[in-house]
Amino acid sequence: MSLVAHSLSFRYEKTDPFCLENIGLELHPGQCLALLGANGSGKTTLSKLLIGILQPEKGHVSVDGQNLAGLSLAGIGEKIGYLFQNPSRQLFCSSAGEEIGFPLQFCGLDPGEIAERTEHLLHFFGLDHLRDQFPFTLSQGERQRLALAAIMVLDPPYFILDEPTTGLDPRRREELFYYLQKLIKNGRGIILISHDHCFARRLASGILELKEGRLQEVDPGC
Ligand SMILES: Nc1ncnc2c1ncn2[C@@H]1O[C@H](COP(=O)(O)OP(=O)(O)OP(=O)(O)O)[C@@H](O)[C@H]1O
Ligand SMILES: [Mg+2]
């Protein structure tokens, strides 16, 4: 069981040099890997390759032994929860409550259970009072929490979170830290992309850094 990048190389244009070259990584259940790197180093690009939004020119990604290229987007969504760097991109429903409950409608759950799970996450992320609000009227931090709630609701085995602490105040950041720590203890695997190195280093057991298109391991103690 693992999410694996097998020697990925990628460039946006055929005439460009590779922006990511020969990238290999392996994420296991119960593990958190932090992915660090300067602005423009390719963190978001790598995350999109890992979730199948972009396709590598060389190499492939597998999740629990299955090649990602052979899975539908819905199939990938059951395995990997993805938080976009800009969470507004993944909000599309007419209310915050619906945004969380929507993915559950495809799982054959009865309306009572959908409502229960939705309420639990609305409450956990401090969004109870906003359940009927249009997502685009929420603040940046509220939208970030809503997008997180909407990917947590399906309880996938792996998560890729691109800058999950953006827009969160220190209290919310700390709550998220403990929530993610609990997910890891419960066997979920997380790739955490963050400019908040302190947050990332506290949570992750392995630190990876992208530099000049290559991925390297970093000593967690540094
Ligand atoms: N859609 C695109 N088309 C062409 N080039 C792109 C595209 N998206 C990103 N790039 C380029 O690819 C490189 C890597 O960008 P990427 O967004 O993956 O970096 P990042 O590490 O996530 O940066 P940040 O820390 O600012 O989020 C950059 O040079 C960027 O300009
Ligand atoms: Mg990015």
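Just follow the structure's listing: the first ligand is 1, and inside any ligand the first atom is 1.
Nearest protein heavy-atom neighbour of atom 27 (O) of ligand 1: Gln85 NE2, 2.9 Å. Taking atom 13 (C) of ligand 1 as the reference point, the nearest protein heavy-atom neighbour is Gly40 O, 3.6 Å. In terms of protein heavy atoms, atom 1 (N) of ligand 1 is closest to Tyr12 CE2, 3.6 Å. Atom 17 (O) of ligand 1 has Thr44 CB, 3.9 Å as its closest protein atom, hydrogens excluded (heavy atom only). In this structure, atom 24 (P) of ligand 1 lies nearest to the protein heavy atom Asn39 ND2, 3.6 Å. At the top of the distance list for atom 25 (O) of ligand 1, counting protein heavy atoms only, stands Lys43 NZ, 2.7 Å. Of the protein's non-hydrogen atoms, the one nearest atom 19 (O) of ligand 1 is Gly42 N, 3.2 Å. When only non-hydrogen protein atoms are considered, atom 15 (O) of ligand 1 lies nearest to Thr45 OG1, 3.7 Å.
With ligand atoms numbered from 1 in the order given, ligand 1 contributes 21 (O) to contacts under 4.0 Å with heavy atoms of Ala38. Distances below 4.0 Å separate heavy atoms of His195 from the following atoms of ligand 1: 25 (O).
Every pair passing ring pair (Phe, Tyr, Trp, His ring centres under 6.0 Å) that includes a residue from residues 42-79 is listed here, sequence neighbours excluded: His6-His60.
Within a 6.0 Å radius of CD in Glu57, other residues, nucleotides and ligands contribute more than 12 heavy atoms. The number of heavy-atom neighbours closer than 6.0 Å to CD of Glu116, taken from other residues, nucleotides and ligands shown, is 12 or below.
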Return a table of donor-acceptor pairs under 3.5 angstrom between the side chains of residues 124-132 and protein atoms on other chains or two or more places apart.
residue: Asp128; atom: OD2; partner: His123; partner atom: ND1; Å: 3.2
residue: Arg131; atom: NE; partner: Glu119; partner atom: OE2; Å: 3.2
residue: Arg131; atom: NH1; partner: Asp128; partner atom: O; Å: 3.0
residue: Arg131; atom: NH2; partner: Glu119; partner atom: OE1; Å: 2.5

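Here Arg145 does not pair with Glu142 in a salt bridge; the nearest charged N to carboxylate O distance is not below 4.0 Å.
At a 4.0 Å cut-off, not a single heavy atom of Ser47 sits close enough to ligand 1 to count as contact.
For the side chain to side chain contact (heavy atoms under 4.5 Å, CB included) test with Pro56, the passing option among Leu49, Leu50, Leu68 is Leu49; the others fail. Residue Leu210 is tested with Leu36, Ile193, Thr45, Leu35 for a side chain to side chain contact (heavy atoms under 4.5 Å, CB included); the sole match is Leu35.
Under the 4.5 Å side-chain heavy-atom criterion for grouping Ile, Leu, Val, Met, Phe, Trp and Tyr, Leu54 is connected to Leu215 within one hydrophobic cluster.
Judged by distance alone, with hydrogens and angles left aside, the side-chain atoms of Glu163 form no donor-acceptor pair with the main-chain N or O of Gln85 at under 3.5 Å. Between the side chain of Gln144 and the backbone N or O of Pro164 there is at least one donor-acceptor pair closer than 3.5 Å.
Distance screen at 4.0 Å: atom 31 (O) of ligand 1 has no protein heavy-atom neighbour inside the cut-off.
For ligand 1, none of its N or O atoms has an N or O atom of Cys19 under 3.5 Å away. Ligand 1 has an N or O atom lying under 3.5 Å from an N or O atom of Ser41, backbone or side chain.
Across every non-hydrogen atom of Pro157 and Glu78, the tightest pair is CD-O, 3.5 Å. For Ile160 against Ser47, the heavy-atom pair with the smallest separation is CG2-CB, 3.7 Å.
With a 4.0 Å cut-off on non-hydrogen atoms, Glu13 does not touch ligand 1 at all. Contact annotation: for Glu163 versus ligand 1, there are no heavy atoms closer than 4.0 Å.
For Arg202, the side chain to side chain contact (heavy atoms under 4.5 Å, CB included) partners two or more places apart in sequence, or in a different chain, are Glu174, Phe177, Tyr178, Cys198.
Nearby protein atoms of type N, O or S around the Mg ion (ligand 2) amount to 2 (distance under 2.8 Å).
Side-chain atoms of Thr165 and Arg173 include no donor-acceptor pair closer than 3.5 Å.
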